[in-house]
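Have a look at the structure below, then the notes.
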Amino acid sequence: MVPGVLGKEELGELLIAVKEAGASHVMLDRLRLKPGMWARMEPPLKKHAPDVLEACRSALFRNDGAFEALKTYAATICDELRLPYEFNY
């Protein structure tokens, strides 16, 4: 889950589609990169998707509460769908 790239509406639609496809449960995780990967990803994002670049940068390096809000929303949607879930962190 990357706040700013994946918003509440997109996350809700994705979870509904997963449930409708027959998933018995979901595992949710945040964007986590191996050491050195950001240096490799940043130049192409800057060139081809500058709007996504800032969202990824924020999700990786700032603790502004956006991820926790998205996590809470994901749990709410899964509960409403009666879709068992777990977070991988």
Side-chain angles (χ1 to χ4, degrees):
M1 297 188 304
V2 181
V5 174
L6 182 66
K8 287 183 176 183
E9 183 176 321
E10 294 89 359
L11 179 58
E13 291 171 0
L14 177 62
L15 291 171
I16 290 168
V18 166
K19 173 76 175 186
E20 289 175 352
S24 60
H25 71 281
V26 294
M27 297 173 67
L28 302 159
D29 204 349
R30 65 186 305 158
L31 177 64
R32 293 188 278 176
L33 300 177
K34 293 181 180 181
M37 286 304 299
W38 180 249
R40 296 178 74 185
M41 289 177 57
E42 188 175 23
L45 284 173
K46 187 175 184 177
K47 181 177 180 181
H48 300 290
D51 54 327
V52 174
L53 169 69
E54 188 52 39
C56 287
R57 184 182 287 133
S58 179
L60 288 167
F61 304 115
R62 294 187 191 122
N63 187 11
D64 61 4
F67 178 75
E68 287 303 317
L70 196 57
K71 178 180 172 184
T72 300
Y73 182 73
T76 300
I77 294 299
C78 287
D79 288 340
E80 289 174 3
L81 293 171
R82 296 184 179 154
L83 180 62
Y85 64 92
E86 62 183 286
F87 294 103
N88 291 344
Y89 46 89

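Numbers here simply count residues along the sequence, with the first being 1.
Take Arg40 and apply the side chain to side chain donor-acceptor pair (under 3.5 Å) test, not counting sequence neighbours, and it matches no residue. Remark: Arg57 pairs with Glu42, Glu54 by the side chain to side chain donor-acceptor pair (under 3.5 Å) rule, at least two apart or across chains. With sequence neighbours left out, Tyr73 forms a ring-ring contact (aromatic ring centres under 6.0 Å, His included) with no residue at all. Leu33 is linked by a side chain to side chain contact (heavy atoms under 4.5 Å, CB included) to Leu31, Met37, Trp38, Met41, Leu60, counting only residues two or more places apart in sequence or in another chain. Every residue two or more places apart in sequence or in another chain that forms a side chain to side chain contact (heavy atoms under 4.5 Å, CB included) with Ala75 is listed here: Tyr85, Phe87. Evaluation of the side chain to side chain contact (heavy atoms under 4.5 Å, CB included) rule for Ala49 yields Leu45, Asp51, Val52 as partners, not counting sequence neighbours.
The minimum heavy-atom distance linking Leu15 with Leu83 is given by the pair O-CD2, 4.1 Å. Nearest heavy atoms, Ser24 versus Pro84: O-CD, 3.3 Å.
Pairs passing the salt bridge (charged side-chain N to carboxylate O under 4.0 Å, His left out) check and including a residue from residues 76-89, sequence neighbours excluded, do not occur.
Criterion: ILVMFWY side-chain heavy atoms under 4.5 Å apart, direct or through other members. Under it, Met27 and Val18 are not part of a common hydrophobic cluster.
Atom CG of Leu14 and atom NZ of Lys19 lie 14.5 Å apart (nearest 0.5 Å).
Although no hydrogens or angles enter the test, the distance criterion places a donor-acceptor pair under 3.5 Å between the side chain of Glu10 and the main chain of Gly7.
Contact of the Leu11 side chain with the Ile77 side chain is not registered, since no non-hydrogen atoms from C-beta on lie closer than 4.5 Å.
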